[in-house]
There are 2 protein chains.
Amino acid sequence: MPEPLVPPAVPPAAAAADAGPHLRADARRNRAAILAAAEEAFSTLGPDAPVDEIARRARVGVGTFYRNFPTKEALLRAMVVAHIEPMVEAARAAAADDQPGEAVFTLLRNLARELSAFRPVADAVAASGMDVHAKGGATSDRLLAAVDAALTRAKQAGAMRLDVGVDEVAAMMGALCMSDIAAREPATFHRCVDVLCDGLRPVRAGTPGARP
Amino acid sequence: MPEPLVPPAVPPAAAAADAGPHLRADARRNRAAILAAAEEAFSTLGPDAPVDEIARRARVGVGTFYRNFPTKEALLRAMVVAHIEPMVEAARAAAADDQPGEAVFTLLRNLARELSAFRPVADAVAASGMDVHAKGGATSDRLLAAVDAALTRAKQAGAMRLDVGVDEVAAMMGALCMSDIAAREPATFHRCVDVLCDGLRPVRAGTPGARP
DNA sequence: CACTATACGGAGTGATGGTTCCGATTGTCA
DNA sequence: TGACAATCGGAACCATCACTCCGTATAGTG
């Protein structure tokens, strides 16, 4: 629990990208610009896009960068939560859906899309030494838990085979979305996601297998 | 074509890690030591292990490093072919096997093992800018072709569903083996490979789905 | 065993990138 | 509107890293 206590009576301040309690208008604008620029820079320039370049794209000096994020790692952490939070929401919604069967599969397809958008950031995180399973642990655990809940409900509804767990699903989804196939061959990528989803459905006798 | 002409009548010199035609004994030893050290360094220190560190682990000066490999990229290329060549062999053997059905699946399991050993190198290649689909293109294309042949024979033998191609198989195998699940959770990883293989078998009516 | 071509080691170089510092600028409140 | 405090910009700093150079050591040969 990083937040100590007494959140200063400004509960839902900025949903955009949770900044501190009371930033000056330009500061807030700059912070958002930096986040957007970083997103673009990592996508375009690869996992180790320089800070100077990110600042340049945000039309901001490096000084401003380091006032908003004490270190490059801090920026990455912020980007991670910005990406993962919506996924957690989606997973929770799917777990609460009253048609759990189809909900998981649409969830998985949505996660596939968002995870592959997340890839450049994940690569940057990996390249910068800090490993996700220590730093972002809390966040990614929450995602796993939410997905697990959705899977469980789908199993209860008989829409999913029982002999695969979150670990396997997460591993395969993660692997697929972090691979460069997602960016390079969208068509093949979607085929793979579909195959994966098909593979999660319970094996029914008499299912016609191959399409012509 | 970097080699001009007149290879000095020493055709099959070194199979270990194709060095030049006639190196002095210590030079040859050092080259091998560097390759081994690099393997270890990339595994331990991550994709951008410094050249100095590789040389140190090989108990060799940086000068020696650069005499054996004109550039870090050259080292990476050498490592790539060193990894991929045996896989090509294995794939060809599988394609020539007289039991194509089971041969593909053991091939895939072996490839899974060797691909995950290859991962640190692949990451280093990716991190160093040069992308595999241009530089190592020739080599990886040969691997793809060999695997394709094996798949085709398996399909002819009726051991594999017809509606997936090399692209899908390569994408999923690559994704799975390049993900960190292989290193972090070997058990889960093997489960996933098994699931993938199962998914490639033709869908037979009446197959009992979930194990208890 | 002596001699020479070849290989060795590691200090030095230039470039790149993360981080700091401080004078100039600008938003905000009285 | 005026003044203060917070923010801005970017030059400067330091560490890291790929790569070069050159004096020294050694393998291979007659």
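When reading the values below, keep in mind they use all heavy atoms of this one structure, side chains included, and skip hydrogens, waters and symmetry mates. Every chain is numbered from 1 and lettered A, B, ... according to where its sequence line falls, protein lines coming before strand lines. All figures in this text were calculated on a predicted structure; none of them were measured in a lab.
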List the atom pairs, donor and acceptor, that lie under 3.5 Å between side-chain atoms in residues 90-107 of chain A and the rest of the protein, sequence neighbours left out.
{"unit_1": "Asp97(A)", "atom_1": "OD1", "unit_2": "Gln99(A)", "atom_2": "N", "d": "2.7"}
{"unit_1": "Thr106(A)", "atom_1": "OG1", "unit_2": "Glu102(A)", "atom_2": "O", "d": "3.3"}
{"unit_1": "Thr106(A)", "atom_1": "OG1", "unit_2": "Ala103(A)", "atom_2": "O", "d": "3.0"}

Item to check | Gap separating the SG atom of Cys197(A) from the CZ atom of Arg109(A), nearest 0.5 angstrom | outcome: 4.5 Å
Item to check | N or O in side chain of Thr64(B) less than 4.0 angstrom from dA7(C) OP1/OP2 | outcome: no
Which pairs would a plain distance check flag for residues 111-123 of chain A, meaning a side-chain donor or acceptor within less than 3.5 Å of a matching protein atom at least two apart in sequence or in another chain?
{"unit_1": "Arg113(A)", "atom_1": "NH1", "unit_2": "Asn110(A)", "atom_2": "OD1", "d": "3.3"}
{"unit_1": "Ser116(A)", "atom_1": "OG", "unit_2": "Ala112(A)", "atom_2": "O", "d": "2.8"}
{"unit_1": "Ser116(A)", "atom_1": "OG", "unit_2": "Arg113(A)", "atom_2": "O", "d": "3.0"}
{"unit_1": "Arg119(A)", "atom_1": "NE", "unit_2": "Asp123(A)", "atom_2": "OD2", "d": "3.4"}
{"unit_1": "Arg119(A)", "atom_1": "NE", "unit_2": "Met178(A)", "atom_2": "O", "d": "2.6"}
{"unit_1": "Arg119(A)", "atom_1": "NH2", "unit_2": "Met178(A)", "atom_2": "O", "d": "3.4"}

Checklist entry - With Glu85(B), which residues qualify under salt bridge (charged side-chain N to carboxylate O under 4.0 Å, His left out), at least two apart? => result Arg142(B)
Next on the checklist: Within the 4.0 Å limit for protein heavy atoms, which parts of nucleotides 15-27 of chain D are touched? Write it as a string from 5' to 3', B for base, S for sugar-phosphate only, - for none.
Outcome noted: --SSBB-----BS
Next on the checklist: Rounding to an integer number of Å, can you tell me how far Asn30(B) CG sits from dA7(C) C1'?
Outcome noted: 8 Å
Next on the checklist: Measuring from atom CG of Leu196(A) to atom CD of Glu168(A), what distance do you get when rounded to the nearest 0.5 angstrom?
Outcome noted: 11.0 Å
Side-chain donor-acceptor pairs under 3.5 Å in residues 58-69 of chain B, sequence neighbours left out?
{"unit_1": "Asn68(B)", "atom_1": "ND2", "unit_2": "Thr64(B)", "atom_2": "O", "d": "3.0"}

Item to check | For atom CG of Leu45(A) and atom C1' of dT16(C), their distance in whole Å | outcome: 14 Å
Checklist outcome for this item: What residues 54-61 of chain B contributes to the DNA chain C interface at heavy-atom separation below 4.0 Å is Arg59(B), Val60(B), Gly61(B)
Checklist entry - So does Asp198(A) pair up with Arg201(A), basic N to acidic O under 4.0 Å? => result yes
Checklist outcome for this item: Arg28(B) atom CZ is separated from dC8(C) atom P, nearest whole Å, by 12 Å
Item to check | Spatial distance of atom OG1 (Thr188(B)) from atom CE (Met172(A)) [nearest 0.5 Å] | outcome: 11.5 Å
Checklist outcome for this item: Asn68(B) atom CG is separated from dC8(C) atom P, nearest whole Å, by 6 Å
